[in-house]
Amino acid sequence: MMKDVRVTVEIHDGAIPPLPGVTRDDCGAVVDFQGVVRRDEHGESIAGLHYEAYRPMAERELERIARELLTKFPCREINVAHRLGFVPVGEASISVQIASAHRGEAIKFLEEFMNRMKQDVPIWKRTSQSSAQPS
Amino acid sequence: MMKDVRVTVEIHDGAIPPLPGVTRDDCGAVVDFQGVVRRDEHGESIAGLHYEAYRPMAERELERIARELLTKFPCREINVAHRLGFVPVGEASISVQIASAHRGEAIKFLEEFMNRMKQDVPIWKRTSQSSAQPS
Amino acid sequence: MKVMFFVRVRDFTGCEQAEIELKRPVAADGLWELLEAKFPGIAKFRSSTRLARNFAYARDDQSFSNEDEVALLSPVSGG
Amino acid sequence: MKVMFFVRVRDFTGCEQAEIELKRPVAADGLWELLEAKFPGIAKFRSSTRLARNFAYARDDQSFSNEDEVALLSPVSGG
């Protein structure tokens with residue numbers, strides 16, 4: 001079941017480039033998610049957010065979570081990218097692309113992947129360089 | 001709550017152009033969904049699917065469902081496009097873009113919108129011009 | 001009244017739409033009787049068909065009048 | 001052993017990483033004692049910190065050795 005499944009994880013210091021896209025003809029559903037920095041963070045107007053990571057572990061956790069969820073929600077292609085450093089308002093801090101035969105698995109995968117990502121992946125955001133902030 | 005919410009519905013006779021995109025700075029989540037024609041339909045290898053619609057009603061139903069779901073899952077922008085006529089394998093028959101403040105609403109909106117769409121919107125697919133087929 | 005047919009019902013009637021002259025408003029039962037008179041055998045689709053009136057699904061107790069556009073909708077399969 | 005600090009813990013220690021010399025493997029309690037000896041007051045972060053060992057979350061009964069890379073992870077907020 002897990003053969004023929006592609007998982008890519010990328011961590012970028014600048015804007016997230018377009019994800020590779022899905023070209024295979026066995027996927028009936030493609031879900032793209034972008035988490036975007038909002039103007040208004042906890043009632044405060046901001047210019048952007050600073051993201052930092054424990055990078056080698058963040059990459060492994062993203063892949064580990066994806067592989068684990070694939071056993072529950074079989075999808076055929078997962079592409080994940082997270083941006084670090086300063087991310088201006090209106091730009092994406094995370095981008096996830098999921099392709100599956102049917103839409104149910106892809107939507108459930110996205111939902112649970114984001115929940116798990118926000119629990120376990122060692123990435124932190126701050127409104128400025130000096131103040132840490134739980135999500 | 002419903003003010004400042006944009007809903008667009010488009011029905012295309014050819015390839016679905018890129019959706020308008022989301023430029024507002026109050027959306028932390030953007031979900032794009034594409035329903036793509038698969039090579040393998042009910043165990044049969046196909047070149048594509050033919051879609052037809054009761055077009056004026058299909059447009060109204062798509063908008064009605066979107067507006068109704070917005071009261072349950074408040075999102076800020078919904079863009080829907082459905083393609084009619086012959087859609088080759090690997091190309092999108094439907095494209096949905098949802099933007100919301102937080103990801104939960106956008107993901108739930110997508111899930112329920114697709115379920116409702118497949119129940120209520122008068123669009124039909126066939127593997128050829130002559131054989132009707134329930135989804 | 002304009003009546004629209006799609007997919008399997010259109011295959012059966014052989015036409016995309018038909019005109020039916022209504023002298024007075026009818027309920028769904030009356031509408032199906034008129035359809036059956038014009039397209040004998042069409043009643044077999046009734047159990048799998050939803051009626052629309054003026055581009056919205058008809059209520060069970062819907063009344064249809066001569067000015068309406070009615071559609072016979074087979075189970076849909078969009079997306 | 002290399003120990004990595006992030007966000008609020010790094011603000012507290014004033015450094016991104018530290019070396020701690022382990023003569024023998026220690027459990028989490030022993031590790032926090034060594035950390036407290038080097039960075040007095042750091043124990044206040046223990047309740048909100050998860051330990052990682054070699055880029056994976058440590059088990060509760062994890063043993064840490066001198067060759068390990070350990071990280072003190074505050075509640076994460078990615079995405």
Side-chain angles (χ1 to χ4, degrees), chain A residues 16 18-19 21-43 45-49 73 75-77 79 87-118 125 135, chain B residues 16 18-19 21-43 45-49 73 75-77 79 87-118 125 135:
Chain A
I16 298 172
L19 289 177
V22 175
T23 50
R24 38 202 299 175
D25 63 11
D26 60 354
C27 291
V30 181
V31 177
D32 277 279
F33 174 81
Q34 290 200 304
V36 177
V37 176
R38 285 180 300 144
R39 171 70 60 195
D40 189 54
E41 181 76 6
H42 299 287
S45 182
I46 58 170
L49 289 170
F73 307 112
C75 298
R76 299 199 165 148
E77 187 158 336
N79 301 305
V87 183
V89 165
E91 297 190 16
S93 52
I94 186 169
S95 185
V96 183
Q97 182 173 71
I98 302 157
S100 60
H102 304 282
R103 72 183 185 287
E105 291 85 351
I107 295 173
K108 288 293 179 200
F109 185 105
L110 172 61
E111 189 169 28
E112 200 151 327
F113 182 83
M114 290 302 296
N115 290 343
R116 298 281 302 276
M117 192 275 299
K118 284 177 176 275
K125 63 170 174 245
S135 75
Chain B
I16 298 173
L19 289 176
V22 175
T23 50
R24 37 201 299 176
D25 63 12
D26 60 354
C27 291
V30 181
V31 177
D32 277 279
F33 173 81
Q34 290 200 306
V36 177
V37 176
R38 285 180 301 142
R39 171 70 60 196
D40 190 54
E41 180 78 5
H42 299 286
S45 183
I46 58 169
L49 289 170
F73 307 112
C75 297
R76 299 198 165 149
E77 186 158 336
N79 301 305
V87 183
V89 164
E91 296 191 17
S93 53
I94 186 169
S95 185
V96 183
Q97 182 173 69
I98 302 157
S100 59
H102 304 282
R103 73 185 184 286
E105 291 86 350
I107 295 173
K108 288 293 179 200
F109 186 104
L110 172 62
E111 190 169 28
E112 201 150 327
F113 182 82
M114 290 302 296
N115 290 342
R116 298 282 303 276
M117 193 275 298
K118 283 175 177 278
K125 62 169 173 245
S135 73

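Chain letters run A, B, ... following the sequence lines, proteins first and then strands; every chain starts at 1.
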(Q) For a quick test of reading the model, state the closest non-hydrogen atom pair linking Ala92(A) to Ile16(A) and the distance between them. (A) O-CD1, 3.8 Å

Q: Would you name the heavy atoms of Val37(B) and Ile46(B) that are closest together and state the gap between them?
A: CG1-CD1, 4.1 Å

Just how far is it from atom [atom1] of [X] to atom [atom2] of [Y], taken to the nearest 0.5 Å?
X	Y	atom1	atom2	value
Ile107(A)	Glu112(A)	CD1	CD	14.0 Å
Phe109(A)	Arg116(A)	CZ	CZ	10.0 Å
Asn79(A)	Ser95(A)	CG	OG	8.5 Å

Q | Pick from Gln97(B), Arg103(B), Glu111(B) with the largest number of heavy-atom pairs that fall under 4.5 Å of chain A | A | Arg103(B)

Q: Tell me, out of His102(B), Arg39(B), Lys108(B), who's got the most heavy-atom pairs with chain A below 4.5 Å.
A: Arg39(B)

Q: Below 4.5 Å from any heavy atom of chain A, which atoms of Ala101(B) appear? Answer side chain, backbone, both or neither.
A: both

Q | Residues Val89(A), Arg38(A); criterion side-chain contact (heavy atoms from CB on, under 4.5 Å); working and verdict | A | CA-CA 5 Å; Val89(A) 165; Arg38(A) 285 180 300 144; over 6 Å; no

Q | Inter-chain contacts: residues 26-36 of chain A against chain B, heavy atoms under 4.5 Å | A | Asp26(A), Cys27(A), Gly28(A), Ala29(A), Val30(A), Val31(A), Asp32(A), Phe33(A), Gln34(A), Gly35(A), Val36(A)

Q: Evaluate side-chain contact (heavy atoms from CB on, under 4.5 Å) for Met114(A) paired with Ile94(A), printing each intermediate quantity in order.
A: CA-CA 10 Å; Met114(A) 290 302 296; Ile94(A) 186 169; 4.2 Å; yes

